[in-house]
S.K.: 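First, the structure itself, so that you have it in front of you.
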Number of protein chains: 2
Amino acid sequence: MSSSAQRNPRRSDALSRERIVEATVEVLDTAGEAGLTVRALTAHLSTGRGAIYHHVADKDELLAAAADSIIGRAVAGTEGDEDPKRAIRGLALGIFDVIDAHPWVGGQLSREALQPAVLRIWKGVGLQLQRLGVTGPARSDAGSALVNYVLGAAAQHAAGSRRASNAKDRKSYLESLAAQWVRHDPDPIVQEAASLLNEHDDRQQFLAGVDIFLAGIAAVR
Amino acid sequence: MSSSAQRNPRRSDALSRERIVEATVEVLDTAGEAGLTVRALTAHLSTGRGAIYHHVADKDELLAAAADSIIGRAVAGTEGDEDPKRAIRGLALGIFDVIDAHPWVGGQLSREALQPAVLRIWKGVGLQLQRLGVTGPARSDAGSALVNYVLGAAAQHAAGSRRASNAKDRKSYLESLAAQWVRHDPDPIVQEAASLLNEHDDRQQFLAGVDIFLAGIAAVR
DNA sequence: ACCTGAACACCGTTCAAGT
DNA sequence: ACCTGAACACCGTTCAAGT
């Protein structure tokens, strides 16, 4: 009845899909995407390599389920806001923050269009757009624009943060890259364009993009 | 001087980075991302498995170079348009079409933020935004919004088309999915939101998204 | 029914040996 | 200098054998 430990603490309970997905998240968070191997996972669960295949079909399903468990938490309780615009900002920021904390989710969401985690995001966006009064084909266009923007920004941010855990390194790399552009093409127009790579706060820039989108659907409507 | 064939047609020339990247594109186009193995690639080039490592560091570099060769062609000659808005639409559509034709590029662009192909897109977008008269931090925000939207839409479209090569299957799957949402949650608000998954032309919807962001950039400025 | 772990059919990458 | 292909150190998944 209670969830307390049993006689043998090394193997607390029978395996279950939930326990496997939970362990998958733990391995991904500590070892990254490359560190998620069936061997590492089953070692973490102290079970045999083949055991997980009684509960999930394959590694893809495992990754999709792990991402869904993370996104599920982020999207939950985002409907509360009275103001649909604020709700959209909250939903988007919730996804951004959760991907910042679990970079492997960013890559996973781009891997399969109709996976549960992505459908959750479609659903949340659809609800808020409806509350905003966007209807008909305009809502499909707006929803697709927002979902694709959020997923694209998430993937790029995750890809960047996965590698350059050191922010200083990243900054100096971006600066040298911009300088390289300018050297390669001394056209002042290129020089100005290189400023896109300047230092910025990814999170704030992400939110600015959401606001550009919100202004866009208001203008197009 | 000319590029005509030599005596032995089975091994036309010495290996080179260009020839290897070209072969990589060919393998990816015919066998997909999962089909790109060093064994398949070197067989296609009729050489030994280790040969390519004299010209590229590893498989990641190969994928990045292959994507860059595709994106390079798409972005080239997109600066011609007088009207910067039309140039942005052309740039975005060029990327969409090239990813529609080579779905593996869509996934690759989400894998590494500062890879050459992605930087090319940043550069192209930066140039047009500048011509549009967007300056200062507003240009960074606008550029990031546009680039992330394009990359997100590209990845989702590619992920969708990779699997469901059969459009009929995809359509009926989306329909049953929407029906499932409604069954699961009879709230009419959910039912309406499910309409986001309705049939649509991905390419046209992609362009509608670009226009939303363009309108937003104009409104926010 | 669930679990174990050896076995299978693969990978990417390295490196001694060749030319 | 460039190439070859065997060898190495891994993978994900299956499946007979156990409980």
Side-chain angles (χ1 to χ4, degrees), chain A residues 3 5-28 30-67 104 107-108 111-112 115 162-163, chain B residues 6-28 30-67 104 107-108 111-112 115 162-163:
Chain A
S3 64
Q6 289 181 315
R7 293 268 285 302
N8 184 349
R10 292 180 306 161
R11 192 70 141 70
S12 52
D13 251 335
L15 231 41
S16 68
R17 199 189 138 94
E18 294 82 50
R19 236 177 102 46
I20 293 172
V21 172
E22 189 188 359
T24 302
V25 170
E26 285 161 13
V27 172
L28 285 164
T30 53
E33 197 157 354
L36 179 71
T37 63
V38 173
R39 280 154 180 84
L41 177 64
T42 50
H44 188 71
L45 288 162
S46 35
T47 186
R49 307 198 204 308
I52 60 165
Y53 292 95
H54 289 272
H55 299 92
V56 295
D58 55 21
K59 211 185 153 187
D60 279 355
E61 186 186 321
L62 215 48
L63 272 162
W104 53 271
Q108 173 55 30
R111 207 124 45 221
E112 183 57 54
Q115 66 183 300
R162 232 178 292 145
R163 178 154 317 225
Chain B
Q6 291 181 315
R7 295 266 286 302
N8 184 350
R10 293 180 304 159
R11 188 75 138 68
S12 54
D13 252 333
L15 230 41
S16 68
R17 199 187 138 93
E18 294 82 52
R19 234 176 104 46
I20 291 171
V21 172
E22 188 187 359
T24 302
V25 170
E26 285 161 13
V27 172
L28 284 165
T30 52
E33 198 157 353
L36 179 70
T37 64
V38 173
R39 280 155 179 82
L41 177 64
T42 51
H44 188 71
L45 287 161
S46 35
T47 186
R49 305 198 206 308
I52 59 164
Y53 292 95
H54 289 273
H55 298 92
V56 294
D58 55 21
K59 210 185 153 185
D60 278 355
E61 185 185 323
L62 214 48
L63 272 162
W104 54 271
Q108 173 55 30
R111 207 125 46 220
E112 183 59 54
Q115 65 183 299
R162 233 179 291 144
R163 178 154 318 225

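Chain A is the first sequence line, chain B the second, and so forth, proteins listed ahead of strands; every chain is numbered from 1. The analysis underlying the following values was restricted to heavy atoms, covering all of them including side chains, and did not include hydrogens, waters or symmetry mates. For clarity, every value in this text was computed on a predicted model and none was experimentally measured.
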S.K.: Residues in salt bridge (charged side-chain N to carboxylate O under 4.0 Å, His left out) with A/Arg111, at least two apart?
M.R.: A/Glu33
S.K.: Who passes side chain to side chain donor-acceptor pair (under 3.5 Å) against B/Glu26, sequence neighbours left out?
M.R.: B/His44
S.K.: Restricting to nitrogen or oxygen on both sides, can you table the protein-nucleotides 12-16 of chain C pairs closer than 3.5 Å?
M.R.:
unit_1	atom_1	unit_2	atom_2	d
C/dG12	OP1	B/Lys59	NZ	2.8
C/dG12	OP2	B/Val38	N	3.0
C/dG12	N7	B/Arg39	NH1	2.7
C/dG12	O6	B/Arg39	NH2	3.0
C/dT13	OP2	B/Tyr53	OH	2.8
C/dT13	OP2	B/Lys59	N	3.1
C/dT13	O5'	B/Tyr53	OH	3.3

S.K.: Find the distance B/Ile20:CD1 to D/dC2:P and express it as a whole number of Å.
M.R.: 11 Å
S.K.: Restricting to side chain to side chain contact (heavy atoms under 4.5 Å, CB included), what partner residues turn up for B/Leu28, sequence neighbours left out?
M.R.: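 B/Leu28: side chain to side chain contact (heavy atoms under 4.5 Å, CB included) contacts with B/Thr24, B/Leu36, B/Leu63, B/Ala66, B/Trp104.
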S.K.: Can you sort out the partners of B/His54 under side chain to side chain contact (heavy atoms under 4.5 Å, CB included), two or more places apart, ordered by chain and number?
M.R.: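 Counting only residues at least two positions away or on another chain, B/His54 forms no side chain to side chain contact (heavy atoms under 4.5 Å, CB included).
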S.K.: Could you give all pairs that pass the salt bridge (Lys or Arg N to Asp or Glu O under 4.0 Å) test and reach residues 50-63 of chain A, with sequence neighbours left out?
M.R.: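 For residues 50-63 of chain A: A/Arg17-A/Glu61.
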S.K.: How long is the line joining CD1 of B/Ile52 and C1' of C/dC11, in whole Å?
M.R.: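 Going from CD1 in B/Ile52 over to C1' in C/dC11 covers 13 Å.
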S.K.: Rounded to the nearest angstrom, tell me the gap between atom NE2 in B/His55 and atom P in D/dA1.
M.R.: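 Distance check: B/His55 NE2 to D/dA1 P gives 13 Å.
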S.K.: Which atom pair, heavy atoms only, marks the closest approach of A/Ala67 to A/Gln115?
M.R.: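 Smallest interatomic distance, heavy atoms only, reads CB-OE1, 4.4 Å.
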S.K.: Quick one: which residue pairs count as a salt bridge (Lys or Arg N to Asp or Glu O under 4.0 Å) with a foot in residues 36-52 of chain B, not counting sequence neighbours?
M.R.: none
S.K.: Using Watson-Crick and G-U wobble pairs whose two distances are both under 3.5 Å, how do you write the pairing of DNA chain C as dot-bracket, with | for links to another strand?
M.R.: ||.|||||...|||||.||
S.K.: Which pair of non-hydrogen atoms, one from B/Ala40 and one from B/Gly35, has the smallest distance, and what is that distance?
M.R.: CB-O, 3.7 Å
